[in-house]
Amino acid sequence: MLINLIKWLIIIAIGIIFIKLYFKHFERRSIYFPSHDMDVNPGMIGLAYEDIYFETEDRIKLNAWYIPAKNPIATLLFCHGNAGNISHRLESIRVFNELNLNVFIFDYRGYGKSKGRISEEGSYCDAKAAYYYILSHIEQDKNKIVLFGKSLGAAVAIDLASKVDAKALISESGFTSVIKIGQEVYPFLPVKWFCTIKYDSLSKIKTIHIPKLIIHSKNDEMIPFHHGKELFDAAHEPKEFYILTGLHNDSFFVDEAGYKQRIKDFLEKYLMASEI
């Protein structure tokens, strides 16, 4: 009897380990979609840029572009989403350049020309290295750094904002946590038990006191609207909320003029206030 019980316990333990290993593999493949192909660059849309390489604390070599504006009001540190690489963000770069923002956009480890293998902690480390690269190498920008992140990048930017002294944070199409998204997509699975990648933005945004602009589309088919609203509700003042229409990847195209004006108003309001 005892031997049979031990056998069953061993079988159950092996089964749990197998499920956890499978879920961890499935989890990574469901969250990260890096691409190494880079066939375009800002020069192809008429923007001057620098191709930059820098290292993280754990000595991973990353690639970035720095696109200066003609009359910059600040520098935007751009944390992109979970798919592709920096070369797939040219339209967003153009929009921010037209708002007189210098843009520093980098690829996480394992994306584009960046070395290494992506992970949650690695993405945080990468964003932190990009921030300190700006501080140490781009003299005109170091006192006016605005953190921007979209989708997964919003989680990365929120984490960074909880650790450094930036001027403002713009979160677009962000989620409260990977666990919450997983529970909504797979309500029949014990996601919380097996999830190792968390990106818990909801708890982190409560610690951030710089001005925040939370942007979300009410029609977002990938990150439901309530995630943006929950992030906004949890955030401290000063904060603003801007509702877009359109799908996850094209919402800023639907009303580009309105999108640009809202960001312009937000930056002028809070960047100018910080100088008085």
Side-chain angles (χ1 to χ4, degrees), residues 20-41 51-66 76-90 92-93 103-134 147-164 169-182 185-186 191-192 194-205 222-223 227 248-249:
K20 290 194 73 171
L21 289 173
Y22 175 80
F23 192 89
K24 186 174 183 179
H25 174 74
F26 175 76
E27 180 185 32
R28 285 185 55 85
R29 291 179 66 88
S30 299
I31 294 173
Y32 303 119
F33 300 91
S35 171
H36 299 292
D37 297 328
M38 299 181 67
D39 298 323
V40 296
N41 60 62
D51 193 30
I52 292 170
Y53 288 90
F54 62 102
E55 281 194 352
T56 63
E57 288 181 350
D58 55 347
R59 303 188 68 79
I60 301 295
K61 188 177 181 181
L62 304 181
N63 180 230
W65 289 338
Y66 177 66
L76 190 87
L77 175 52
F78 193 137
C79 303
H80 67 68
N82 69 330
N85 56 57
I86 58 176
S87 72
H88 300 109
R89 272 76 190 184
L90 289 186
S92 290
I93 291 170
V103 176
F104 189 96
I105 181 169
F106 67 98
D107 265 328
Y108 310 114
R109 58 190 66 195
Y111 282 70
K113 296 179 181 178
S114 293
K115 304 300 182 182
R117 185 170 184 260
I118 186 64
S119 67
E120 180 179 0
E121 288 304 318
S123 65
Y124 298 152
C125 183
D126 298 343
K128 187 178 177 182
Y131 177 84
Y132 283 108
Y133 181 90
I134 295 172
L147 308 180
F148 171 82
K150 180 167 182 176
S151 193
L152 179 76
V156 176
I158 288 169
D159 178 83
L160 183 61
S162 71
K163 299 173 179 174
V164 301
L169 167 69
I170 302 174
S171 167
E172 183 176 338
S173 306
F175 50 78
T176 55
S177 73
V178 166
I179 291 176
K180 186 64 176 176
I181 289 288
V185 175
Y186 304 106
V191 172
K192 193 172 183 179
F194 296 108
C195 194
T196 61
I197 301 173
K198 298 179 180 179
Y199 287 107
D200 183 8
S201 295
L202 189 63
S203 65
K204 293 173 185 174
I205 204 165
M222 295 179 66
I223 310 296
H227 282 264
H248 184 78
N249 289 318

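Contact record, V156 with A127: CG1-CB, 3.5 Å, taken as the closest heavy-atom pair. For the residue pair S173 and I223, the shortest heavy atom distance occurs at O-CG1, 3.8 Å. The shortest heavy-atom contact between K204 and S162 is O-CB, 4.4 Å. Looking at every heavy atom in both residues, S123 comes nearest to E120 through OG-O, 2.7 Å. Here the closest non-hydrogen pair linking N82 and I31 is ND2-O, 2.6 Å. For S35 against D37, the heavy-atom pair with the smallest separation is OG-N, 3.3 Å.
Annotation: the span from L77 atom CG to Y66 atom OH amounts to 12.0 Å, rounded to 0.5 Å. Within the model, atoms CD of E55 and CD of E57 stand 11.5 Å from one another, a figure rounded to the nearest 0.5 Å. With rounding to the nearest 0.5 angstrom, the NZ atom of K115 is 7.5 Å from the OH atom of Y53.
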- prompt: Are D51 and W65 close enough, and set up right, to give a side-chain contact (heavy atoms from CB on, under 4.5 Å), and what steps lead you there?
  reply: CA-CA 5 Å; D51 193 30; W65 289 338; 3.4 Å; yes
query: So M222 and S151, side-chain contact (heavy atoms from CB on, under 4.5 Å) or not? Walk me through it.
result: CA-CA 9 Å; M222 295 179 66; S151 193; 5.8 Å; no
query: Where do M38 and N63 land on the side-chain contact (heavy atoms from CB on, under 4.5 Å) test, with the steps shown first?
result: CA-CA 12 Å; M38 299 181 67; N63 180 230; 4.1 Å; yes
- request: Report the C-alpha distance between L202 and S177 in whole Å, list the side-chain angles of each, state the deciding distance to 0.1 Å, and finish with yes or no for side-chain contact (heavy atoms from CB on, under 4.5 Å).
  value: CA-CA 7 Å; L202 189 63; S177 73; 5.9 Å; no
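Between the side chain of Y108 and the backbone N or O of H80, at least one donor-acceptor pair lies under 3.5 Å. Between the side chain of N85 and the main chain of Y111, no donor-acceptor pair closer than 3.5 Å is present. Looking only at distances, no side-chain donor or acceptor of H227 sits under 3.5 Å from a matching main-chain atom of G174.
Within 6.0 Å of the NZ atom in K61, the count of heavy atoms belonging to other residues, nucleotides or ligands does not exceed 12.
In this structure, F104 has its ring center closer than 6.0 angstrom to the ring center of Y133.
A search for ring pair (Phe, Tyr, Trp, His ring centres under 6.0 Å) contacts involving Y124 returns Y199, not counting sequence neighbours. The side-chain contact (heavy atoms from CB on, under 4.5 Å) search around T56 returns D58, I60, L62, R109, C125, D126, A129, not counting sequence neighbours.
At a threshold of 4.5 Å between non-hydrogen side-chain atoms, the residues F33 and L152 do not count as touching. At least one side-chain heavy atom of F106 sits under 4.5 Å from a side-chain heavy atom of C79. Proximity of L147 to Y131: side-chain heavy atoms (C-beta onward) are separated by under 4.5 Å at one or more points.
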